[in-house]
Amino acid sequence: MKKRGYLLFGVLLYFLTSPSHSNAQHSSKGMLSITFFHYVDSLVLNLDSTTYKNSFGQAYTVSNFKYYISNIHLKQADGTEYISHDYFLINEEEEKSKKIVLTHIPKGNYTSISYMIGVDSLHNCSGAQSGALDETNGMFWAWNTGYIFLKLEGKSSFSKSPGNIFEYHIGGYKSPANSIRTVLLKLEQPLLIENTKTEAMKIKVNVAEILKTPSNIDFTKMSSVTDTRNASIIADNYKDMFIIEK
Amino acid sequence: MKNKFIVLIIFSACIILLSFANNASDHSISKKDIELKIPKGFPKPIYDFKNNKISPEGFILGRKLFYDPILSKDSSTSCQSCHQRVAAFAHIDHTLSHGIDGKIGTRNVPAIQNMIWKDTYMADGGVNNMEVQPINPLTNPIEMNESLAHIIFKLKQKKEYVALFKKAYKDTIINSERLLKSLAQFTGLMISANSRYDKYLSGKDTFSIQEKSGLQLFRAKCSGCHQEPLFTDNSYRNNGLMADSSLNDIGRGRITKIEGDNFKFKVPSLRNIEMTFPYMHDGRYRKLKDVLNHYSSTISHNKTTDEDVTKIGSLSDKERKDIIAFLLTLTDKEFLNDKRFVDPNRK
């Protein structure tokens, strides 16, 4: 009886300590870093200093630019997908936040990347959270619960808001005010992920797109969007602001 | 003589010790105290604590926070400033809530009870999870006017809170997620299901003829919205209140931006209604008599007024009194006197 007990214990110990299948695979997984570069058309984004012009020729400066990236999918030609379950808050003011790292990506040739600008509906309803989704990050509406997916704030003398400010706080995860947008970027050069190497990808983000196509934003008419009412207009504008830099 | 003296000393020491022990046990919380018991006849809760496991330490931390004005900018206002235990955590006698610097809010303070059966919170249902509800009063300039980040900063400076967080979460991290989850453990256990009505249903109490008649009338006229046993069906309805132009509160429409939702409000529970006056989202009625008068004769008919209200029709004097007699059976003395919810700073 006692002997059998030891045997059982030994077998258990073996299973617990031997390298498991998934651990073995671990070593054939790679990493990808993605760096976001913020531009306004042909100019680099500089907070509170450089002056830019919207499609009506109205001059403006930017004081704050932040957005969520989530549900990142990397796809291979045969349809195999890698999905990241992390949430990233990219903030112009914090250099570190502009470089994100995906880990444990299975070895392979990836031909496209897609991601959400914002936070999926499940995580808009999940209560108190920490990390990128911590409510103290100032990207959360409490009275009409949900995350602010993207914030662009600045000044333009054309704005009629107090202090000539403009503010676009875009969110809303429920129809008819759903502002979740998904970006799909095809990779011209397939991205080869290999063992233990970190590949690097650069994505250019054109902030000017937030204010144009399909809807050109006139600061005299729409300088403040701070709830879900007009949010999807702006979301439709910015869904094409990302391009992969070669 | 000397012996007697020693006995006396030991005796009085015992008494002193005992009284200390008693005092401590008044606010102590055991594993049994935090068991989630679903009352008979109640549905499955919507908030299920799956991602917020209740513990005695978590509950104690939540209670401490609930009663602590440190959560407001000038340390003047705590949750209980508006949500008073003796009023089922509503506020007695203020039509609109009063916050920091005596500023007046735009809505009447509701009871906090049976929260875990709600799908949304606030009169307009704008809040989708119980845990994030307190962010509203905490950060509202006319309520507690504090930022979440600064509250966390203040709590980290207090030895007492460092210890309480550590006890509850087994490490030294203090963040907003833990703050909000602890508050949810405290408010989520505020369950009222031991009123005379409940005892009547389970055969442990009897109703007078008047109360029985009131229950019958209630089931015929009111339960389409105030559905038993929670006394709400969680829907949004326009119960025919004349819109108050000074507040211009369009209720659900503010959240959904759908015109057909204007002037609809979440059907409130009527449990402990005796204690939670004044009534309605703006506290316009002080007495149940006034509420019954409204349903019987002052329904305002506009685009979104609910059919279930228009069909109530006029109620006789006796019918109104019977319904009120029934509503008073919803007072839950056990809940109102529940020791677990008492301010821990009270001796």
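Just so we're on the same page: letters track the sequence lines, and every chain starts at 1. The shown structure was predicted, so the numbers you read here are calculated from the model rather than taken from an experiment.
Against chain B, the residues from residues 147-174 of chain A that qualify, each with a non-hydrogen atom under 4.5 angstrom away, are A:Tyr173 in number order. Of all residues in residues 170-189 of chain B, those placing a non-hydrogen atom less than 4.5 angstrom from a non-hydrogen atom of chain A are B:Asn175, B:Ser176, B:Glu177, B:Leu180, B:Lys181. The stretch residues 110-131 of chain B places B:Gly126, B:Val127, B:Asn128, B:Asn129, B:Glu131 near chain A, each with some heavy atom under 4.5 Å from a heavy atom of that chain. Within residues 206-241 of chain A, the residues having any heavy atom closer than 4.5 Å to a heavy atom of chain B are A:Asp227, A:Thr228, A:Arg229, listed by residue number.
Atom CZ of B:Phe153 has 12 or fewer heavy atoms from other residues, nucleotides or ligands within 6.0 Å. Within a 6.0 Å sphere centred on CD of B:Glu259, other residues, nucleotides and ligands contribute 12 heavy atoms or fewer. Shown here is B:Lys154, whose NZ atom has more than 12 heavy atoms of other residues, nucleotides or ligands within 6.0 Å. Within a 6.0 Å sphere centred on NZ of B:Lys166, other residues, nucleotides and ligands contribute 12 heavy atoms or fewer. More than 12 heavy atoms of other residues, nucleotides or ligands sit less than 6.0 Å from atom CD of A:Glu81.
Between A:Ala142 and B:Ile135, the closest heavy-atom pair is CB-CG2, 3.7 Å.
Between A:Trp143 and B:Ile255, the closest side-chain pair of non-hydrogen atoms falls below 4.5 Å.
For the set B:Asn52, B:Leu148, B:Asn136, the count of heavy-atom pairs under 4.5 angstrom toward chain A peaks at B:Asn136.
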